[in-house]
Amino acid sequence: MSDLVTRFAPSPTGHLHLGHAHSALFGWTTARAGGGRFLLRIEDIDPVRCRPEHERDLIEDLAWLGLDWDGPVRRQSEHFDDYRAALARLESLGVLYPCFCTRKDIAAEIARAGAAPHGPDGPLYPGTCRHRGADERAARIAAGEAWALRLDVAAARALTGPLRWHDRAKGWQEATPELLGDVVLARKDTPTSYHLSVTVDDHLQGVTLVTRGEDLFFATHLHRLLQALLGYDPPDHHHHGLLRNAAGERLAKRDRAQSLRSLRAEGRSPAEVRALAGFPD
Ligand code: GLU
């Protein structure tokens with residue numbers, strides 16, 4: 001067996017569609033072709049959108065599709081202590097700050113500033129809470145105001161200096177996490193975030209090759225910075241292209257016709273669905 005470890009990491013917020021099948025098959029075939037391990041991780045940190053029945057259904061869909069995985073399924077909601085420990089380390093480096101802003105505050109600040117810098121996912125956080133004094137922060141927290149923890153990306157970059165990461169499709173990349181701004185690492189409603197938990201888990205699970213859609217290409221710039229801050233060895237990456245519907249739009253969970261459930265109900269076989277997902281036998 002090689003030391004190759006890949007994973008598929010769905011969020012149980014709805015039914016899997018062909019795009020998920022493509023991503024899962026991409027990671028699975030890469031691991032199996034290389035004599036490596038393939039892991040399944042349930043990214044269920046969102047207490048409102050994630051449901052146990054979606055997890056049950058997606059595990060059943062993946063098995064129906066013919067996939068198998070190694071070792072136990074890791075469920076992120078059972079590992080908040082790991083994310084807390086990572087936050088404590090980042091806190092000790094002085095690269096986090098509490099942010100009290102609501103979405104409305106952020107939109108108002110961006111409108112007031114006129115021209116807000118934009119990243120790949122839209123306007124960047126304008127930095128409103130970055131410079132609040134320790135007394136104000138403590139008073140607002142003591143008063144029970146909700147707060148998130150944001151990464152001070154400039155302070156973090158000053159600690160790590162230049163960083164690079166590798167993508168099997170696109171080659172070496174200079175990490176530019178500032179493109180995403182001061183992202184949230186612990187949300188108001190849950191004590192972690194996608195970016196933090198995915199970075200911590202890939203490290204703790206020994207993932208050597210992160211395979212995922214190219215919609216997350218820019219997120220990897222930030223994950224590389226978090227790896228450096230947390231003292232993790234960076235994994236390799238392979239961001240794959242996204243399946244699109246007839247209109248050329250990327251598939252989303254709302255495209256119900258493309259869900260694995262509905263394809264199964266139509267009487268499609270696993271081999272047919274694998275082919276539709278871009279992996280003919
Ligand atoms: N949980 C993420 C999603 O469903 C994928 C995370 C990843 O592959 O890094 O989009």
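Atoms within a ligand are numbered from 1 in the order they appear, just like the ligands themselves.
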Exercise for the section: Go through the structure and list residues passing salt bridge (charged side-chain N to carboxylate O under 4.0 Å, His left out) with R7, not counting sequence neighbours. Expected result: D202

Practice task
Would you tell me which option among H223, R212, H239 has the nearest heavy-atom contact to atom 9 (O) of ligand 1?
Solution key: R212

Exercise for the section: Return yes if a side-chain donor-acceptor contact under 3.5 Å exists between H54 and T13, otherwise no. Expected result: no

Practice task
For R89, check side chain to side chain donor-acceptor pair (under 3.5 Å) against everything at least two apart and list the hits.
Solution key: none

Practice task
Consider only side-chain N and O atoms of D167 and W172, and report whether a donor and an acceptor are under 3.5 Å apart.
Solution key: no

Problem - Mode of Y194 contact toward ligand 1 - side chain, backbone, both, neither (heavy atoms, under 4.0 Å) - result: side chain

Problem - Residues H223 and H195: side-chain donor-acceptor under 3.5 angstrom - result: yes

Exercise for the section: Please could you name the atoms of ligand 1 that S11 approaches to less than 4.0 Å, counting only its heavy atoms? Expected result: 1 (N), 4 (O)

Practice task
Heavy-atom contacts with E43 under 4.0 Å: which atoms of ligand 1 show up? List them by number with element.
Solution key: 1 (N), 2 (C), 5 (C), 6 (C)

Practice task
Go through ligand 1 atom by atom and flag the ones less than 4.0 Å from a non-hydrogen atom of V198.
Solution key: 9 (O)

Problem - Enumerated ligand 1 atoms positioned under 4.0 Å from heavy atoms of R7 - result: 7 (C), 8 (O), 9 (O)

